[in-house]
Amino acid sequence: MSFAEASAVSGGPGRWKADLPQGWDIFEVTNGGLLMAIATRAMEAETAGRELISATGSYVNPAGKGSIDVEVLKLKSGRSLSTLRATLSRDGKDLVYVTGVFAEPERPRPEQDLIEGGPPDLPAPDDCLRAVPSETAPLPPPFTGKVDVRIHPDDAGLFTGEPGEDAVMRGWFRLLDGEAFDAHAVVLATDALPPAIFNSQYPAGWTPTVDLTVQVRNPSPRGWLACMFTTRFATDGMLEEDGELWDESGRLVALSRQLALVPR
């Protein structure tokens, strides 16, 4: 099943349906990036051609495979920006709330950019460790069989049993079978690599997302995405994870920040 099929919505306007497929899960809970991508796809369908530039999701209940409802509410529609809200639910139980901001594709853009950073230093994808589902353990999870994730050898302690000292996770991401990126696949990518906290002395375990914000700067990159996620603070049972995604040409694709519970 392609990502486009896994994140498809039907119905509308205002009320949509989606089906969470088997295998796109971690610890039997559907990947949070896929849930947000379903929400942004439903919201985009109600914006008359505007493109996603930002989304924030609050995760209130875990979701397993099966049918869900997606209710979309238009909060504001201006000349260049639209703001919408989507609620994902099942049997009357809310799962995720997502607020999305969408912009006109042909909006004016300044001629000068400020870039104080760059892509992570990564070996070629074939020189990185590919994450594949484990047949005997919960990690790597089934989700890794639905996408192509390659982890920097220095950050692959989760797989080798020798975690590092710094909570950083670097690697490559792409969809399978040459499927092209869109803004919703970029959202998925921000929650596709193992948590950065796994490359530290914390044990690897379920790390439930509390909220996730994604800012999309390039909605249609090509090829591989170079990804880097870092955690600097794990206090009071919570951690933050900051992400950067870059395309193969060195162009910034997306920024993300996630608040999650420490591994259980």
Side-chain angles (χ1 to χ4, degrees), residues 1-12 15-47 51-52 55-57 59 61-72 84 86-91 93-98 100 130-134 138-150 171-195 206 208-209 212 214 216 219-225 227 243 245 253-254 256 258:
M1 175 180 284
S2 67
F3 165 72
E5 294 169 329
S7 60
V9 296
S10 61
R15 295 186 179 276
W16 303 79
K17 292 279 189 181
D19 190 60
L20 304 182
Q22 185 174 6
W24 292 74
D25 60 275
I26 301 167
F27 294 103
E28 299 184 356
V29 176
T30 299
N31 172 265
L34 177 61
L35 292 171
M36 185 180 286
I38 289 170
T40 58
R41 197 177 290 283
M43 289 187 286
E44 181 187 69
E46 301 199 24
T47 64
E51 62 183 22
L52 177 68
T56 296
Y59 297 78
N61 283 298
K65 65 179 181 179
S67 178
I68 61 170
D69 298 304
V70 184
E71 182 178 359
V72 174
L84 298 91
T87 300
L88 278 60
S89 64
R90 173 179 290 154
D91 298 328
K93 184 178 183 179
D94 292 347
L95 306 171
V96 188
Y97 306 118
V98 180
R130 182 169 185 178
V132 295
S134 172
L139 293 173
F143 171 76
T144 57
K146 304 300 182 181
V147 295
D148 194 344
V149 172
R150 310 289 178 96
W172 299 98
F173 174 89
R174 68 178 176 182
L175 301 175
L176 296 179
D177 301 322
E179 184 177 1
F181 277 98
D182 58 14
H184 316 294
V186 171
V187 169
L188 176 76
T190 66
D191 197 38
L193 272 66
W206 187 34
T209 301
L212 171 63
V214 180
V216 180
S220 53
R222 296 182 179 180
W224 290 94
L225 296 185
C227 309
L245 278 61
V253 172
S256 66
Q258 182 170 166

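This one's a predicted model, so the numbers in the text were calculated from it and none came from an experiment.
- Residues Phe143 and Leu34 are not in side-chain contact: their nearest non-hydrogen atoms beyond the backbone lie 4.5 Å or more apart.
- The main-chain N or O of Val214 is never found under 3.5 Å from a side-chain atom of Ser256 such that the two would form a donor-acceptor pair.
- Comment: Asp182 engages Arg41 in a salt bridge, judged by a side-chain N to carboxylate O separation of less than 4.0 angstrom.
- Ser7 and His184 share no side-chain donor-acceptor pair at under 3.5 Å.
- Annotation: side chain of Phe3 is in contact with side chain of Leu175 (closest heavy-atom distance under 4.5 Å).
- Nearest heavy atom pair, residue Val187 against residue Ala37, reads CG1-N, 4.1 Å.
- At least one side-chain heavy atom of Phe27 sits less than 4.5 Å from a side-chain heavy atom of Pro138.
- In summary, the side chains of Glu71 and Thr87 do not present any donor paired with an acceptor at a separation below 3.5 Å, with no hydrogens or angles considered.
- A distance of 11.0 Å separates CZ of Phe181 from OG of Ser220, quoted to the nearest 0.5 Å.
- Separating the CD atom in Glu5 from the CG atom in Asp19 is a distance of 12.0 Å, to the nearest 0.5 Å.
- Atoms CE and NZ, on Met1 and Lys146 in that order, are 7.5 Å from each other to the nearest 0.5 Å.
- The line from CZ of Arg174 to CZ of Arg222 is 15.5 Å long, rounded to the nearest 0.5 Å.
- With a 4.5 Å cut-off on side-chain heavy atoms, Asp191 and Gln258 count as touching.
- A 4.5 Å side-chain heavy-atom check between Trp24 and Leu188 finds at least one atom pair inside the cut-off.
- Closest non-hydrogen pair, Gly64 versus Leu20, comes out as O-CD1, 3.2 Å.
- Contact annotation: the side chain of Leu88 never approaches that of Asp94 to less than 4.5 Å [non-hydrogen atoms, C-beta and beyond].
- Taking a 6.0 Å sphere around CD of Glu179, one finds it holds more than 12 heavy atoms contributed by other residues, nucleotides or ligands.
- Taking 4.5 Å as the limit, every side-chain heavy atom of Leu176 sits out of range of all side-chain heavy atoms of Ser2.
- When all heavy atoms of Val98 and Ala55 are compared, the pair lying nearest together is CG1-CB, 4.3 Å.
- Nearest approach of Ala18 to Ile38, heavy atoms of both residues: CB-CG2, 3.7 Å.
- The aromatic rings of Trp172 and Trp224 lie perpendicular to each other, with more than 60° between the two planes, well past the 30° mark.
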Report task. Start with the C-alpha gap between Asp25 and Asn31, add the side-chain angles, then the distance that decides, and say whether side chain to side chain contact (heavy atoms under 4.5 Å, CB included) holds. Result -> CA-CA 5 Å; Asp25 60 275; Asn31 172 265; over 6 Å; no
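- Checking Leu95, Val29, Leu212 one by one against Tyr59, the side-chain contact (heavy atoms from CB on, under 4.5 Å) holds for a single residue, Leu212.
- Counting heavy atoms from C-beta on, the side chains of Glu46 and Leu84 come closer than 4.5 Å.
- In this structure, Arg90 does not pair ionically with Asp69, as no charged nitrogen and carboxylate oxygen lie closer than 4.0 Å.
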Requested in this report: May I have the step-by-step check of side chain to side chain contact (heavy atoms under 4.5 Å, CB included) for Asn61 and Lys93, ending in yes or no?
Outcome: CA-CA 8 Å; Asn61 283 298; Lys93 184 178 183 179; 3.4 Å; yes
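- The two atoms that bring Trp16 and Gly11 nearest to each other are CZ3-O, 3.3 Å, heavy atoms only.
- Remark: Arg150 engages Asp148 in a salt bridge, criterion side-chain N to carboxylate O under 4.0 Å.
- Thr144 and Pro133 get closest at one heavy-atom pair: OG1-N, 3.2 Å.
- A donor atom on one side chain and an acceptor atom on the other are not found under 3.5 Å apart for Trp206 and Glu28.
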